S.K.: 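Sharing a structure with you now.
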Amino acid sequence: MLPSAGVYYFPWEINSSIPEGEALRTFGRLSCYDLARSEAILSTQHGSAQHHVRIDTTLVEPFEAQLGSLYVVLGEAEHREGESPVIKARILTCVEGMNVPLLEQAIQEQRKYFQERQQRMESGTS
């Protein structure tokens with residue numbers, strides 16, 4: 001059986017309410033990479049706040065880290081005691097040059113579509 005494709009989350013939405021093991025996608029600029037610990041940090045600005053997402057890179061190494069470049073990650077949420085969730089990356093792709101505001105708009109449109117489709121399915125079965 002194939003793993004789930006993963007739901008898009010904005011980096012500022014990633015918190016302890018995400019279920020352990022849930023497949024998800026997110027994005028951000030690579031601000032830190034520690035090869036010895038197999039850990040990367042993706043950062044993004046939202047409003048006046050800076051948000052950071054920790055990525056476990058064990059499954060995607062070796063990779064050529066380009067600090068400051070934009071990355072998209074697909075992986076599973078992993079909760080570690082006393083810390084914010086870590087994304088255990090299955091895929092970590094450099095997408096430098098991608099239009100981030102357009103990506104954010106596309107994620108919103110996809111969510112809207114899925115919500116409308118769910119409502120149609122629920123009203124069709126009742």
Side-chain angles (χ1 to χ4, degrees):
M1 186 169 141
L2 293 173
S4 170
V7 175
Y8 262 108
Y9 282 87
F10 293 115
W12 50 90
E13 296 174 332
I14 295 176
N15 55 43
S16 58
S17 68
I18 296 173
E20 175 87 21
E22 179 173 338
L24 60 95
R25 296 171 187 256
T26 195
F27 60 91
R29 295 218 170 264
L30 184 64
S31 59
C32 179
Y33 176 54
D34 184 345
L35 177 61
R37 294 178 56 207
S38 294
E39 185 175 279
I41 308 277
L42 296 183
S43 302
T44 192
Q45 186 83 23
H46 179 66
S48 61
Q50 185 79 9
H51 300 274
H52 305 284
V53 178
R54 292 183 37 230
I55 311 295
D56 180 334
T57 60
T58 306
L59 300 176
V60 295
E61 289 175 345
F63 81 100
E64 194 172 320
Q66 299 174 19
L67 291 177
S69 291
L70 188 63
Y71 280 80
V72 170
V73 62
L74 166 64
E76 284 78 30
E78 187 176 90
H79 296 278
R80 297 179 182 170
E81 200 170 317
E83 300 176 2
S84 59
V86 175
I87 310 304
K88 189 157 183 86
R90 278 191 263 146
I91 299 172
L92 185 61
T93 306
C94 182
V95 291
E96 187 58 34
M98 183 176 63
N99 185 331
V100 175
L102 195 58
L103 173 63
E104 291 178 9
Q105 182 182 350
I107 292 169
Q108 294 289 12
E109 288 296 322
Q110 181 186 50
R111 288 177 177 181
K112 183 178 162 189
Y113 168 76
F114 286 147
Q115 185 177 29
E116 289 172 357
R117 186 176 73 172
Q118 184 68 29
Q119 288 172 349
R120 281 194 310 270
M121 287 173 52
E122 289 171 358
S123 65
T125 58
S126 37

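The structure presented is a predicted model; accordingly, all values stated were derived computationally and were not measured.
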S.K.: Please tell me whether L92 and V7 are part of a single hydrophobic cluster in this structure, the criterion being side-chain heavy atoms less than 4.5 Å apart.
M.R.: yes
S.K.: Identify which one of I107, V72, V73 satisfies the side chain to side chain contact (heavy atoms under 4.5 Å, CB included) criterion when paired with T26.
M.R.: V73
S.K.: Given L102 and V100, is the side-chain contact (heavy atoms from CB on, under 4.5 Å) satisfied, shown in steps?
M.R.: CA-CA 5 Å; L102 195 58; V100 175; over 6 Å; no
S.K.: What is the distance from atom CD of E61 to atom CG of D56, rounded to the nearest 0.5 Å?
M.R.: 8.0 Å
S.K.: For C94 versus Q66, what's the shortest heavy-atom pair and its separation?
M.R.: SG-OE1, 3.8 Å
S.K.: With hydrophobic residues grouped by side-chain heavy-atom distances under 4.5 Å, do L67 and Y71 end up in a single group?
M.R.: yes
S.K.: For the hydrophobic clusters of this structure (ILVMFWY residues joined by side-chain heavy atoms under 4.5 Å, transitively), does one cluster hold both M121 and F114?
M.R.: no
S.K.: Nearest 0.5 Å please: distance from the CG atom of L24 over to the CG atom of L74.
M.R.: 8.0 Å
S.K.: Looking at R37, I'd like to know if its CZ atom is crowded, meaning that more than 12 non-hydrogen atoms belonging to other residues, nucleotides or ligands lie closer than 6.0 Å.
M.R.: no
S.K.: Evaluate the criterion side-chain contact (heavy atoms from CB on, under 4.5 Å) for residue pair R90 and E76; output intermediate values, then yes/no.
M.R.: CA-CA 8 Å; R90 278 191 263 146; E76 284 78 30; 2.7 Å; yes
S.K.: Can you confirm whether the side chains of E39 and T57 place a donor and an acceptor under 3.5 Å from each other?
M.R.: no
S.K.: Honestly curious: do W12 and L30 fall in one hydrophobic cluster under the side-chain, below-4.5 Å linking rule?
M.R.: no
S.K.: Is R111 salt-bridged to E109, cutoff N-O under 4.0 Å?
M.R.: no
S.K.: What residue pairs, at least two apart or across chains, pass ring-ring contact (aromatic ring centres under 6.0 Å, His included) with a residue in residues 18-39?
M.R.: Y33-F63
S.K.: At what distance, to the nearest 0.5 angstrom, does OG of S69 lie from CE of M98?
M.R.: 11.5 Å
S.K.: To the nearest 0.5 angstrom, please state how far the CD1 atom of I18 sits from the CD atom of E78.
M.R.: 13.0 Å
S.K.: Does a side chain donor of either S43 or H52 reach within less than 3.5 Å of an acceptor in the other side chain?
M.R.: yes
S.K.: Under a plain distance cut-off of 3.5 Å, with no hydrogens placed, do Y8 and Q108 share a side-chain donor-acceptor pair?
M.R.: no
S.K.: Looking at CZ of F10 and CD of E104, how far apart are the two atoms once the value is rounded to the nearest 0.5 Å?
M.R.: 5.5 Å
S.K.: Less than 4.0 Å between a side-chain N and a carboxylate O, is that true for E96 and R29?
M.R.: yes
S.K.: Is there side-chain contact between Q45 and H51, with heavy atoms separated by less than 4.5 Å?
M.R.: no
S.K.: Please report the shortest heavy-atom distance between I55 and A89, naming the atom on each side.
M.R.: CG2-CB, 3.7 Å
S.K.: State the SG-CG distance between C32 and L42, to the nearest 0.5 angstrom.
M.R.: 10.5 Å
S.K.: Return yes if a side-chain donor-acceptor contact under 3.5 Å exists between Q118 and E122, otherwise no.
M.R.: yes
S.K.: Start with the C-alpha distance between I87 and V53, add both sets of side-chain angles, then the distance that settles side-chain contact (heavy atoms from CB on, under 4.5 Å), and finish with yes or no.
M.R.: CA-CA 8 Å; I87 310 304; V53 178; 3.8 Å; yes
